[in-house]
Amino acid sequence: MSRILVAFLVLLGVASSLADPLYRNEEVEVPKLDGRIVGGENTNITHYPHQISMRYRGNHRCGGSVYKSNIVISAAHCLSTLTGPENLTIVAGSSNIWYPTGPQQELAVRKFIIHPKYRTLNNDYDAAILILDGDFEFNKAVQPIQLAKERPEHDTPVTVTGWGTTSEGGTISDVLQEVSVNVVENTQCKSAYSIMLTSRMLCAGVTGGGKDACQGDSGGPLILNNELLGIVSWGTGCAREKYPGVYCSVPDVRDWLLEIIDAQSDIGKIDFL
């Protein structure tokens with residue numbers, strides 16, 4: 001990222017997401033969404049069995065959600081810097097990111113596809129599909145999640161989960177975190193993010209700040225009524241007052257997700273158009 005672009009983003013008060021803390025650009029003055037939950041509490045994977053850890057060369061990179069036994073939905077920005085699926089794996093079935101708490105499962109990524117309209121400048125259309133080399137065995141700790149069809153009203157309580165940092169610039173959490181936040185209507189959210197916010201984005205936070213997704217949570221789920229409502233995308237800092245977290249709105253990219261997923265030739269293969 002050029003110094004000019006960084007200065008432009010900081011001037012706007014915006015920090016786009018990072019998919020891997022190791023590649024973080026320290027010139028940006030505010031951390032980018034990519035890791036642990038701020039203001040949350042420990043939870044068990046059996047409460048959120050769709051949650052996965054995307055690993056790159058064995059290290060946690062992003063979150064994501066199981067949609068089918070061989071399909072995961074995550075954020076485009078988690079994959080946009082990669083040339084292919086080599087060294088990418090998906091881990092499911094454990095509350096603890098490093099020490100399995102049960103029958104943890106790990107599968108290699110065979111292919112991934114990024115939304116064709118994804119823009120790196122502001123993470124518009126920040127959605128991606130990962131096709132796995134094999135199938136997860138569903139059990140109480142690994143289950144698929146359905147896609148939300150409609151955006152909820154302003155102030156609706158929603159839940160975000162992940163292993164991201166528990167504070168700006170902190171370290172990722174060993175144990176899966178959950179936190180409840182409230183939907184912030186886009187017209188109100190624009191007061192924080194101005195022209196960077198689009199209709200494919202959804203905001204969520206709490207009055208006064210203190211609860212949010214953070215670095216390492218990118219690609220993970222924002223949930224309403226056990227459905228995938230949003231994909232952790234970006235934001236200014238983490239849990240700052242007046243700066244809600246920004247998510248890719250699943251209802252607004254749902255048709256594309258289903259079009260690609262439904263293009264499968266059989267349960268274990270997918271043909272990209």
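Sequential numbering from 1 along the given sequence is applied to the chain's residues.
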Do [X] and [Y] make a side-chain contact, defined as non-hydrogen atoms from C-beta onward lying under 4.5 Å apart?
| X | Y | value |
| --- | --- | --- |
| Lys68 | Phe136 | no |
| Pro144 | Phe138 | yes |
| Gln143 | Val66 | no |
| Lys117 | Trp256 | no |
| Leu132 | Phe112 | no |
| Thr89 | Tyr56 | no |
| Ile172 | Ile97 | yes |
| Asp212 | Val179 | no |

Gln51 and Leu176: CA distance, side-chain angles, deciding distance, side chain to side chain contact (heavy atoms under 4.5 Å, CB included) verdict: CA-CA 9 Å; Gln51 173 83 53; Leu176 185 63; 3.8 Å; yes
Donor-acceptor pair between [X] and [Y] side chains, under 3.5 angstrom:
| X | Y | answer |
| --- | --- | --- |
| Gln177 | Asn42 | yes |
| Asn186 | Arg151 | yes |
| Asn44 | Thr46 | yes |
| Ser65 | His50 | no |

How close do [X] and [Y] get, heavy atom to heavy atom, and via which atoms?
| X | Y | answer |
| --- | --- | --- |
| Val175 | Trp163 | C-CD1, 3.6 Å |
| Gly134 | Asn70 | O-CB, 3.2 Å |
| Tyr247 | Gly230 | CB-CA, 4.2 Å |
| Ser180 | Pro157 | OG-CB, 4.4 Å |
| Val109 | Lys111 | CG1-O, 3.4 Å |

About how many Å separate [atom2] of [Y] and [atom1] of [X], when rounded to the nearest 0.5 Å?
| X | Y | atom1 | atom2 | value |
| --- | --- | --- | --- | --- |
| Lys242 | Thr207 | NZ | OG1 | 11.5 Å |
| Asn123 | Tyr118 | CG | OH | 3.5 Å |
| Met54 | Leu79 | CE | CG | 4.5 Å |
| Thr161 | Asp217 | OG1 | CG | 8.0 Å |
| Ile223 | Thr159 | CD1 | OG1 | 6.0 Å |
| Ser173 | His60 | OG | NE2 | 9.5 Å |

Does [X] use its side chain to pair, donor to acceptor, with the backbone of [Y] at less than 3.5 Å?
| X | Y | result |
| --- | --- | --- |
| Ser74 | Gly63 | yes |
| Asp252 | Arg200 | no |
| Ser94 | Asn96 | yes |
| Glu178 | Gly40 | no |
| Tyr193 | Pro244 | yes |
| Glu227 | Leu229 | no |
| Lys190 | Leu197 | yes |
| Asp262 | Glu259 | no |

Would you say [X] and [Y] are hydrophobically clustered, going by side-chain heavy atoms of ILVMFWY under 4.5 Å?
| X | Y | result |
| --- | --- | --- |
| Val158 | Val184 | no |
| Val91 | Leu107 | no |
| Ile71 | Ile231 | yes |
| Tyr243 | Met201 | yes |

Working for side chain to side chain contact (heavy atoms under 4.5 Å, CB included), residues Cys203 and Val183: CA-CA 6 Å; Cys203 301; Val183 171; over 6 Å; no
Chi angles and distances behind the side chain to side chain contact (heavy atoms under 4.5 Å, CB included) call for Arg61, Leu82: CA-CA 12 Å; Arg61 182 178 181 85; Leu82 302 179; 3.7 Å; yes
Stepwise side chain to side chain donor-acceptor pair (under 3.5 Å) check, Thr120 with His77: CA-CA 7 Å; Thr120 57; His77 79 261; over 6 Å; no
Over 12 foreign heavy atoms within 6.0 Å of CG, Asp155: yes
Trace of the salt bridge (charged side-chain N to carboxylate O under 4.0 Å, His left out) decision for Arg55 with Glu106: CA-CA 10 Å; Arg55 308 283 177 92; Glu106 184 169 10; 5.3 Å; no
Pair Ile90-Leu130, side chain to side chain contact (heavy atoms under 4.5 Å, CB included): steps then yes or no: CA-CA 9 Å; Ile90 302 297; Leu130 297 91; 4.2 Å; yes
